[in-house]
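All residue numbers in this chain count up from 1 along the given sequence.
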Amino acid sequence: MEEKLEFGANRLVHLDLKRAPLKVDFMEKIFPFFREWGATGLLIEWEDTFPYSDSLECIGSLNVESKAYSVADIERILKLAENSNLSVIPLVQTFGHLEFVLRHEEWKQLREVWKYTNALCPSNPKSLSLVTSMIDQVISKMPKDLQYFHIGADEVWQLGSCSFCSSQDKHVVLLEHLVSVLKHFKENYPHIRPIMWDDMIRGVPASLIQAHSLSELVDIMVWFYEPAPFFNIPIDLWNKYATIFKKVWIASAYKGATGACQILPVIQHHVSNHEQWLAFIKSSRAEIKGIAITGWSRYDHFATLCELLPSALPCLAICLSICKENEYTEEIFKKVATSLGYDQVPLLTNPYPRPQAVAPDLNYPGWKITTGVEWLANLKGKHMAIISSDQVGAWMNSWQLSTGFINPMQIQGIVSTLFNIGEEWEALETYMRDHMSEAYYQPQIEEWIATHCKPLKGKAKELYKSGHDLISAQLGTESLQMPTQFFPTPRPI
């Protein structure tokens with residue numbers, strides 16, 4: 001029976017590697033799962049993980065602590081994708097989201113606004129040379145039969161802001177830069193079809209897009225990540241795209257689209273988004289070339305990590321199943337959840353509120369990282385409930401601790417609870433150090449722990465020590481039936 005292709009022939013898993021390279025050994029584990037779940041290819045956003053050389057060396061992996069990736073790593077990643085029958089489309093930003101380039105002293109003169117690192121100034125004659133050099137170096141390491149190349153071009157926040165660009169029509173500035181980049185492909189890589197995000201041309205008149213012959217040079221990828229009832233693609237926008245481009249790509253998300261500080265995917269949000277896309281394209285007159293299911297690691301180069309990829313794999317599996325089956329049913333959800341090992345503990349479509357039960361054993365690579373993140377969500381809720389409780393507010397507030405005006409009878413139990421919370425934070429930190437190393441390099445592990453564990457552990461430690469010291473001063477250390485050393489031994493989850 002011929003497979004239906006509502007979402008097009010290409011189902012791409014987006015790997016956003018910006019300051020978050022995955023270990024190549026972990027990729028070897030997950031790529032076969034991607035294929036099994038329904039993926040046909042990878043959209044790999046290399047950013048600072050690509051081994052740029054020569055004048056570009058400072059922007060790439062040769063200038064980061066982990067040194068991920070080397071040329072040999074790139075070759076192995078591509079081979080692993082080939083072994084799993086996954087095509088590869090590289091993504092290199094060429095206009096906005098160039099923080100990883102423009103933050104360096106060597107390239108700051110190319111900023112559109114001197115104090116911001118987001119956008120390139122297209123009027124600077126050196127800008128096009130920078131972009132085409134990046135493209136050339138990445139293509140040189142890709143397979144010879146590379147079909148597509150994504151040039152990004154989304155969220156150019158400062159477009160038309162410099163003294164020279166501001167004197168011109170912003171739409172013209174945008175299109176002329178895009179055309180310059182795209183002609184580089186036409187002249188040097190005619191066998192490669194560029195793709196770009198659509199958001200910057202949403203407000204550009206159709207006549208202007210057509211005057212620049214954009215449809216001859218590039219495919220657009222239309223991204224909307226909202227669920228019902230907020231999913232709303234203006235019909236006039238879609239008709240414009242259908243008229244100009246005929247065939248379009250679309251993009252949904254499996255993580256990184258519900259909040260810059262999100263730690264667990266809200267599956268119901270992403271399922272709803274895919275259902276909305278499915279309903280929309282069934283009634284559309286544009287032909288869909290494929291879908292990229294995006295998985296953003298950060299909202300920009302400087303932002304904190306949002307959902308770790310292993311914790312989002314169940315959501316990705318469900319989203320891919322929807323794209324493959326062209327529908328979402330409870331049976332599809334149950335089948336995917338069971339295959340991943342969610343039988344004793346259910347896979348929640350909304351991981352909040354906390355606490356929730358944590359599955360003890362699952363069936364996909366990196367599941368112990370998921371367990372750790374679930375533990376974090378539970379522990380954070382427990383911690384905040386204690387710190388913000390009336391007990392602390394009434395008997396251990398900052399004035400009482402600074403003056404020593406405390407009632408030992410009231411705070412002894414709080415101090416004991418704080419000790420236990422602190423011990424659990426230490427245990428979680430140890431657990432994540434052990435298990436994040438399956439998928440991530442040390443700099444990302446340290447960042448995640450410093451972001452999520454250390455601040456709250458420090459707060460618990462500070463409150464515990466203040467209360468402990470005051471009770472000891474008033475009643476003597478014998479009155480405290482707990483260790484005086486903080487966080488002595490991690491305990492299992």
Side-chain angles (χ1 to χ4, degrees), residues 14-27 42-78 88 90-121 124 126-142 149-156 181 256 296-306 308-309 436-437 439-451:
H14 174 234
L15 296 178
D16 177 20
L17 301 174
K18 65 169 74 77
R19 288 183 50 237
L22 296 167
K23 285 188 174 178
V24 183
D25 285 348
F26 186 68
M27 291 184 179
L42 305 171
L43 177 63
I44 303 182
E45 187 157 357
W46 297 103
E47 227 223 38
D48 63 338
T49 67
F50 189 84
Y52 290 106
S53 60
D54 301 324
S55 63
L56 300 179
E57 182 174 322
C58 69
I59 72 173
S61 58
L62 299 178
N63 194 36
V64 300
E65 185 179 348
S66 68
K67 304 302 179 186
Y69 301 108
S70 66
V71 172
D73 290 333
I74 299 293
E75 292 173 351
R76 186 176 169 213
I77 291 168
L78 297 175
V88 171
L91 191 159
V92 175
Q93 289 287 358
T94 56
F95 207 167
H97 282 302
L98 280 171
E99 297 93 347
F100 78 104
V101 178
L102 300 177
R103 72 184 183 91
H104 294 285
E105 186 68 28
E106 295 93 323
W107 300 104
K108 65 186 297 183
Q109 77 274 15
L110 300 186
R111 297 174 185 175
E112 178 71 1
V113 176
W114 71 268
K115 59 184 178 179
Y116 300 137
T117 59
N118 169 266
L120 190 74
C121 174
N124 191 311
K126 295 182 179 179
S127 292
L128 182 62
S129 176
L130 164 68
V131 168
T132 55
S133 294
M134 292 165 60
I135 291 169
D136 291 343
Q137 289 199 22
V138 171
I139 289 179
S140 72
K141 300 296 185 292
M142 294 297 110
F149 191 107
H150 202 304
I151 65 165
D154 58 318
E155 298 180 336
V156 189
V181 173
W296 303 101
S297 293
R298 309 174 187 275
Y299 276 37
D300 68 28
H301 183 77
F302 294 99
T304 190
L305 287 162
C306 41
L308 299 176
L309 184 130
M436 279 187 71
S437 61
Y440 293 99
Y441 295 88
Q442 199 60 34
Q444 287 68 50
I445 297 172
E446 295 301 327
E447 177 191 352
W448 193 90
I449 288 172
T451 300

Taking [Y]'s backbone N and O only, do any of them form a donor-acceptor pair with [X]'s side chain (distance below 3.5 Å, no angle check)?
X	Y	result
Ser129	Lys126	no
Lys23	Ser437	yes
Asp300	Phe302	yes
His104	Cys58	yes

[atom1]-[atom2] distance between [X] and [Y], expressed to the nearest 0.5 angstrom:
X	Y	atom1	atom2	answer
Arg111	Thr117	CZ	OG1	6.0 Å
Leu309	Phe26	CG	CZ	6.0 Å
Ile135	Ser140	CD1	OG	12.0 Å
Trp46	Met142	CH2	CE	5.0 Å
Met134	Ile59	CE	CD1	4.5 Å
Phe100	Leu102	CZ	CG	8.5 Å

Inset, instruction - Identify which one of Asp16, Leu91, Leu17, Val138 satisfies the side chain to side chain contact (heavy atoms under 4.5 Å, CB included) criterion when paired with Ile44. - result: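 Single pass found, and it is Leu17.
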
Legend entry - Tyr116, OH: over 12 other non-hydrogen atoms inside 6.0 angstrom: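 Check fails, neighbour count at 12 or below.
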
Inset, instruction - Start with the C-alpha distance between Leu120 and Val131, add both sets of side-chain angles, then the distance that settles side chain to side chain contact (heavy atoms under 4.5 Å, CB included), and finish with yes or no. - result: CA-CA 10 Å; Leu120 190 74; Val131 168; 3.6 Å; yes

Inset, instruction - Not counting sequence neighbours, which residues clear side-chain hydrogen bond (donor to acceptor under 3.5 Å, both in side chains) with Glu57? List them please. - result: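 Counting only residues at least two positions away or on another chain, Glu57 forms no side-chain hydrogen bond (donor to acceptor under 3.5 Å, both in side chains).
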
Could you tell me which non-hydrogen atom of [X] sits nearest to which non-hydrogen atom of [Y], and how far apart they are?
X	Y	answer
Glu106	Gln109	O-OE1, 3.0 Å
Leu56	Leu130	CD2-CD1, 3.5 Å
Gly96	Val156	N-CG2, 3.7 Å
Tyr52	Gly60	CD1-CA, 3.9 Å
Tyr440	Ala20	CE2-O, 4.4 Å
Phe149	Val92	CZ-CG2, 3.6 Å

Legend entry - side chain to side chain donor-acceptor pair (under 3.5 Å) partners of residues 62-75, not counting sequence neighbours, each pair once: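 Non-adjacent pairs meeting side chain to side chain donor-acceptor pair (under 3.5 Å): Ser70-Asp73.
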
Inset, instruction - Pick out which of His301, Glu155, Glu47 makes a side-chain hydrogen bond (donor to acceptor under 3.5 Å, both in side chains) with His97. - result: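 Answer to the side-chain hydrogen bond (donor to acceptor under 3.5 Å, both in side chains) test with His97 among His301, Glu155, Glu47: Glu155.
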
Inset, instruction - Would you kindly say whether Gln93 and Asp154 are connected by a side-chain donor-acceptor distance under 3.5 Å? - result: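 Side chains of Gln93 and Asp154: pair found under 3.5 Å.
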
Inset, instruction - Any chance you could lay out the side chain to side chain contact (heavy atoms under 4.5 Å, CB included) test for Val181 and Leu128, step after step, and finish with the verdict? - result: CA-CA 7 Å; Val181 173; Leu128 182 62; 4.0 Å; yes

Legend entry - Note, Pro21 side chain near Gln444 side chain (heavy atom, < 4.5 Å):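 Pro21 reaches Gln444 side chain to side chain.
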
Inset, instruction - Inspect the contact between Arg19 and Glu447 and indicate whether a charged nitrogen and a carboxylate oxygen are less than 4.0 angstrom apart. - result: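 Looking at Glu447 and Arg19, the cut-off is met.
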
Inset, instruction - Carefully, step by step, assess Leu15 and Glu45 under the rule side chain to side chain contact (heavy atoms under 4.5 Å, CB included). - result: CA-CA 6 Å; Leu15 296 178; Glu45 187 157 357; over 6 Å; no

